[in-house]
**Q** 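Submitted below is the structure of interest, expressed as structure tokens.
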Amino acid sequence: MNHPNVLDIILLLATGLGAVYLIWRFWQRWSWEKEVYVWYYIMGFAVLFVSGVLLIFMGYGILGTPFVLTVASLIPLGISMGIAEQYYPDWKKPFKWFATIGFLAIAVSSFAGWELVRKISVPLFHGVAGLVIFLGPFFVNRFKQAKKAAKGFEWVGVGGALIGIGGIALAFLSVDKPLLGIFTADLVFNILSALLFLMTAAFAWGFVRDIEN
């Protein structure tokens with residue numbers, strides 16, 4: 001299954017609209033807050049929008065190409081760095097170094113054909129970034145060192161769980177090994193558009209609650 005069906009296209013279009021809506025809301029936030037983390041979020045959702053468009057017109061086969069594998073990593077990179085920058089100031093610097101090194105390792109290994117480095121860096125980066133997006137919103141109001149978020153921000157963590165499932169499953173496919181032996185290419189491609197749509201809906205609900213706070 002290399003090409004999205006009609007339902008997949010509808011879900012991918014809805015995902016793209018959700019991403020555009022979030023970009024607009026974060027641009028509004030930038031107009032009055034002028035904080036760098038806003039641009040991390042905008043980067044993540046801009047790449048999500050572009051990725052959805054590419055999937056519609058070029059099919060799921062592009063997910064295995066070095067360029068798309070690298071660019072798609074900017075989605076968890078941007079969102080996780082945004083959460084770390086905005087809510088966990090004590091940890092943002094070391095995480096920023098980890099995220100940058102991880103992204104560069106994915107980019108270089110993908111284009112240079114360094115299979116061992118790619119097989120390590122892709123699941124590791126996606127796994128840690130996904131955990132930050134998943135756990136960060138749930139613990140943000142429980143850690144004294146963290147800044148407080150609006151009620152409902154936990155929905156971003158739900159989106160993080162979904163992006164984590166999809167991202168790690170794709171990461172394992174990129175190293176020719178289905179996640180848990182269950183998430184084969186056919187299964188991942190069958191559920192990917194629905195995961196992306198539900199992820200974006202959860203992100204929209206959680207982030208907008210925080211923007212409007």
Side-chain angles (χ1 to χ4, degrees), residues 15 18-19 21-23 25-26 29 35-52 69-103 105-106 121-143 145-172 174 179 183 188 191-192 194-211 213:
T15 297
Y21 172 70
L22 281 165
I23 291 169
R25 294 307 300 263
F26 279 116
R29 187 162 196 162
E35 294 287 348
V36 67
Y37 68 79
V38 175
W39 286 104
Y40 293 144
Y41 292 136
I42 289 175
M43 174 183 70
F45 289 113
V47 174
L48 176 61
F49 170 76
V50 173
S51 298
L69 178 64
T70 301
V71 172
S73 297
L74 291 171
I75 300 173
L77 176 75
I79 299 172
S80 62
M81 287 179 63
I83 291 174
E85 181 83 22
Q86 183 179 6
Y87 293 106
Y88 296 93
D90 291 346
W91 301 342
K92 66 181 182 181
K93 190 172 183 179
F95 180 73
K96 192 178 297 184
W97 276 107
F98 167 82
T100 302
I101 292 171
F103 174 75
I106 292 173
S121 61
V122 173
L124 178 63
F125 168 77
H126 280 273
V128 174
L131 282 175
V132 170
I133 303 170
F134 169 44
L135 296 176
F138 285 104
F139 287 99
V140 70
N141 290 325
R142 293 173 173 83
F143 283 143
Q145 300 92 333
K147 295 181 179 180
K148 304 308 177 185
K151 184 178 179 180
F153 188 64
E154 294 85 357
W155 279 100
V156 174
V158 175
L162 295 171
I163 195 176
I165 293 171
I168 295 174
L170 288 171
F172 273 82
S174 73
L179 176 63
F183 288 85
V188 172
I191 66 174
L192 183 59
L195 277 178
L196 291 174
F197 169 71
L198 293 173
M199 173 199 77
T200 306
F203 280 150
W205 187 262
F207 278 122
V208 170
R209 298 284 75 73
D210 191 58
I211 291 172
N213 183 38

**Q** Show every salt bridge (Lys or Arg N to Asp or Glu O under 4.0 Å) that has at least one partner inside residues 129-138, sequence neighbours left out.
**A** none
**Q** In Å, rounded to the nearest 0.5 Å, how long is the span from CG of Leu195 to OG1 of Thr200?
**A**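 Leu195 atom CG to Thr200 atom OG1 measures 10.5 Å (nearest 0.5 Å).
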**Q** How far does OH of Tyr37 sit from CD1 of Ile79, to the nearest 0.5 angstrom?
**A** 15.0 Å
**Q** Mind checking what makes salt bridge (Lys or Arg N to Asp or Glu O under 4.0 Å) contact with Glu85, not counting sequence neighbours?
**A** Lys92, Lys96
**Q** Could you check whether atom CZ of Phe197 has more than 12 heavy atoms from other residues, nucleotides or ligands sitting under 6.0 Å from it?
**A**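 Count not over threshold, so no.
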**Q** Closest heavy-atom contact between Ile42 and Phe26?
**A**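 Heavy-atom minimum between the residues: CG1-CB, 3.7 Å.
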**Q** Arg29 vs Asp210, test: side chain to side chain contact (heavy atoms under 4.5 Å, CB included). Steps then yes/no.
**A** CA-CA 10 Å; Arg29 187 162 196 162; Asp210 191 58; 3.2 Å; yes
**Q** What's the shortest heavy-atom distance between Pro76 and Ser80, and which atoms?
**A** O-OG, 2.6 Å
**Q** The criterion is ring-ring contact (aromatic ring centres under 6.0 Å, His included); which residues satisfy it with Phe125, sequence neighbours excluded?
**A** none
**Q** Mind telling me whether Tyr88 and Trp91 have parallel, tilted or perpendicular rings, with 30° and 60° as the class edges?
**A** parallel
**Q** If I take atom CG from residue Leu48 and atom CG from residue Leu74, how far apart are they, to the nearest 0.5 angstrom?
**A** 11.5 Å
**Q** Going by the rule ring-ring contact (aromatic ring centres under 6.0 Å, His included), which residues pair with Tyr40 if we only count those two or more places apart in sequence or in a different chain?
**A** none
**Q** Between Pro137 and Ile83, what is the shortest heavy-atom contact and its length?
**A** CG-CD1, 4.2 Å
**Q** What pairs with Arg25 under side chain to side chain contact (heavy atoms under 4.5 Å, CB included), at least two apart in sequence or on another chain?
**A** Tyr21, Gln28, Val208, Ile211, Glu212
**Q** What orientation do Phe153 and Phe207 show, parallel under 30°, tilted 30 to 60°, or perpendicular over 60°?
**A**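 Rings of Phe153 and Phe207: perpendicular, over 60°.
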**Q** Which distance, rounded to the nearest 0.5 Å, do you find between the CG of Leu22 and the CZ of Phe203?
**A** 9.0 Å
**Q** Any heavy-atom pair between the side chains of Arg209 and Val156 that's under 4.5 Å?
**A**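 No, side chains not in contact.
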**Q** What distance do Phe45 atom CZ and Ser51 atom OG have between them, rounded to the nearest 0.5 Å?
**A**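 The CZ atom of Phe45 sits 12.5 Å away from the OG atom of Ser51.
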**Q** Where is the tightest heavy-atom contact between Ala149 and Val140, given as atom of each residue plus distance?
**A** CB-CG1, 3.7 Å
**Q** Nearest 0.5 Å, what's the CG-OG1 distance between Leu77 and Thr70?
**A**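 Rounded to the nearest 0.5 Å, the CG-OG1 separation comes out at 11.5 Å.
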**Q** Considering all heavy atoms of both residues, which atom of Trp205 and which atom of Gly152 are nearest to each other, and what is their separation?
**A**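 Closest approach of Trp205 to Gly152, heavy atoms only: CD1-O, 4.5 Å.
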**Q** Any non-hydrogen side-chain atom of Phe103 less than 4.5 Å from a side-chain atom of Ile106?
**A**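 The answer is no; the side chains never approach within 4.5 Å.
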**Q** Looking at every non-hydrogen atom in both residues, tell me the closest pair between Ala202 and Gly159 and how far apart they are.
**A**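 Minimum heavy-atom separation between Ala202 and Gly159: CB-N, 3.6 Å.
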**Q** Among residues at least two apart in sequence or on other chains, which ones pass ring-ring contact (aromatic ring centres under 6.0 Å, His included) with Phe134?
**A** Phe138
